[in-house]
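Structure first, then comments.
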2 protein chains.
Amino acid sequence: MAQSDTVDRILDAAEELFADRGFSETSLRMITSKAKVNLAAVNYHFGSKNALIHAVFARFLTPFSATLENAFDDLEARCDGEPPTLNQTLWALTESAVRMPQRNEKGISIFMRLLGLAYTQSQGHLRKFLEQEYSQPFSRFMRLLKEATPQLSSVDRYWRIQFMLGATAFTMSSSDALRDILQNKLGVETTVQEIAARLVPFLAAGMQADDAMLVPPAHKSSVA
Amino acid sequence: MAQSDTVDRILDAAEELFADRGFSETSLRMITSKAKVNLAAVNYHFGSKNALIHAVFARFLTPFSATLENAFDDLEARCDGEPPTLNQTLWALTESAVRMPQRNEKGISIFMRLLGLAYTQSQGHLRKFLEQEYSQPFSRFMRLLKEATPQLSSVDRYWRIQFMLGATAFTMSSSDALRDILQNKLGVETTVQEIAARLVPFLAAGMQADDAMLVPPAHKSSVA
DNA sequence: TTGCCGCTCAAACGTATGTTTCAAACAGAC
DNA sequence: GTCTGTTTGAAACATACGTTTGAGCGGCAA
């Protein structure tokens, strides 16, 4: 009761502050005062700030990676030997993300923004932690992508996967701000699910673009 | 002589360190010791750390935005009234970036990584600075995108532009790391030009994807 | 030469950070 | 109630940061 309350309050506050401001821009004092918890509690329960960062990620990444494995299991079972298509694979991923139980209404966008920060703010320890902790579902996703795009060379596929990651992490990480802008400019409401629904076709199309065009087009030519 | 030497040495060191480690993770003491310059020189010549960050961006962004305006002028002149195509617009942008005179061999990737960080590390002051300093070429680019994709609804176009920005900023902001990984895994060397050459077709294809697919594929729809 | 001004330098300042300490409060078992 | 191990609390610690200070240097005009 006492422990888990404090621990969870710290995790909640840290999660939100990290997502808002980044890791090194968020101090332990901000976290503990937002969580209404004593400063020393962080080091007592987690050991260090870096370990707290890891715990924040583990709290949502561990159940998510389990959900994702199940989704991949289902998908491969349904496909019965045939490799799943690119669209199926991408949808399995996004549906797993969207279906994760949310702690609050901002849940999924915090989730996404943290993932984006993890890749972006080159915190060596975090990268190492994520790699050795969650390599399995990641590798599996990569394998599915590979089987779904046999026409691509390894190098092309590698870069296009980075492009997908970037579009996803970036968009999701600032989806709140972007949604607000859209609301103000065009008077349109948008849910995270709708953003995902727009993102997936974009990614799939990019992933499957003709890879012939490795030099700038001659000046007149254009995409039909 | 004395002044410009110190100023440039500071800018060079800051540029490289910022690109390597981010802004708040880079201290003035790291910068001045790398530049072999006294600590106080930064505040003397630039006024503050934030002003130094602005100066680093201004040094390459000002000539770049001039180059870009010229490229857009040329493009629109060549098209003679017709709106430039999406590919032409994207290539005008990337070629302007790639052709910028480089200070050293890492020039362009530092340039790219800094731009990525600018979007990613939500440093309020930087964003404000860039917006009010370089809004013109940015707006022009947006207008060209709009004219090149008349088939898209405003909302679709809005989100796809965010996807493009994300893929670009994210990839560029970690292009060094990604290049290293690729080098180790597949033993392939990659230049920034080649990354750009892979990125543009990806973006163009995503931008022009069929926008029909706004729900997951049929089998077993799960988002209730 | 003298005086001045732009610049550099070592040192210090005030503040904020992550972490540690140790006493007090607490809970549950006996 | 007493003991025991766990959790909290206020305070301090050492360190790093951005910034400021004031003395000193060097070239150059008068």
Side-chain angles (χ1 to χ4, degrees), chain A residues 1-59 114 117-118 121-129, chain B residues 1-58 117-118 121-129:
Chain A
M1 183 55 162
Q3 137 141 20
S4 77
D5 195 44
T6 298
V7 167
D8 283 342
R9 289 235 300 283
I10 293 175
L11 286 174
D12 288 340
E15 182 178 87
E16 198 162 337
L17 285 170
F18 285 154
D20 274 2
R21 331 176 12 101
F23 302 111
S24 29
E25 292 83 358
T26 301
S27 72
L28 291 185
R29 283 167 177 83
M30 292 179 200
I31 294 170
T32 54
S33 84
K34 180 185 178 93
K36 295 196 180 82
V37 151
N38 187 273
L39 170 61
V42 170
N43 284 280
Y44 174 77
H45 287 288
F46 298 94
S48 70
K49 183 182 180 182
N50 281 352
L52 170 61
I53 296 177
H54 297 173
V56 167
F57 275 86
R59 183 166 64 149
L114 284 176
L117 288 180
Q121 316 224 143
S122 53
Q123 302 250 359
H125 67 96
L126 221 193
R127 208 154 180 147
K128 228 167 276 178
F129 170 77
Chain B
M1 181 70 73
Q3 137 140 20
S4 77
D5 195 44
T6 299
V7 167
D8 283 342
R9 288 236 300 282
I10 293 175
L11 285 173
D12 288 340
E15 183 177 87
E16 197 162 339
L17 285 170
F18 286 153
D20 274 3
R21 330 175 16 99
F23 302 112
S24 28
E25 292 83 358
T26 302
S27 72
L28 291 186
R29 285 168 175 82
M30 292 179 201
I31 294 170
T32 54
S33 85
K34 180 185 177 91
K36 295 197 179 83
V37 153
N38 187 273
L39 170 61
V42 170
N43 284 280
Y44 175 79
H45 287 290
F46 297 95
S48 71
K49 183 182 180 179
N50 281 353
L52 170 62
I53 296 177
H54 297 172
V56 166
F57 274 86
L117 288 180
Q121 317 226 145
S122 53
Q123 302 251 356
H125 67 96
L126 220 194
R127 213 161 177 137
K128 227 167 274 176
F129 170 78

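Computed over heavy atoms, backbone and side chain alike; hydrogens, waters and symmetry mates excluded. Here is how names work: the chains are called A, B, and so on, in the same order as the sequence lines, proteins then strands, and each is numbered from 1.
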Only counting residues at least two apart or in another chain, list the ones meeting side chain to side chain contact (heavy atoms under 4.5 Å, CB included) with Asn38(B).
-> Ala40(B)
dT8(C) phosphate, OP1 or OP2: any side-chain N/O from His45(B) under 4.0 angstrom?
-> yes
Do the side-chain N or O atoms of Thr6(A) get closer than 4.0 angstrom to the phosphate oxygens (OP1, OP2) of dT8(D)?
-> yes
With sequence neighbours left out, the residues meeting ring-ring contact (aromatic ring centres under 6.0 Å, His included) with Phe129(B) are His54(B)
Quick one: salt bridge (Lys or Arg N to Asp or Glu O under 4.0 Å) partners of Lys34(A), sequence neighbours excluded?
-> Glu16(A)
Per-nucleotide protein contact string for nucleotides 9-23 of chain C (B base, S sugar-phosphate only, - none; heavy atom under 4.0 Å) = BB-B----BBBBB--
Set of residues satisfying side chain to side chain donor-acceptor pair (under 3.5 Å) with respect to Asn43(B), sequence neighbours excluded | none
Atom pair distance, as rounded to whole Å: [atom1] in [X] and [atom2] in [N]:
{"X": "Asp5(A)", "N": "dC26(C)", "atom1": "CG", "atom2": "P", "value": "15 Å"}
{"X": "Asp8(B)", "N": "dC7(C)", "atom1": "CG", "atom2": "C1'", "value": "16 Å"}
{"X": "Ile53(B)", "N": "dG18(D)", "atom1": "CD1", "atom2": "C1'", "value": "12 Å"}

Which residue pairs pass the salt bridge (Lys or Arg N to Asp or Glu O under 4.0 Å) test with at least one member in residues 38-59 of chain A, sequence neighbours excluded?
-> Asp12(A)-Arg59(A), Glu15(A)-Arg59(A)
State the CZ-CG distance between Phe23(A) and Asn50(A), to the nearest 0.5 angstrom.
-> 10.0 Å
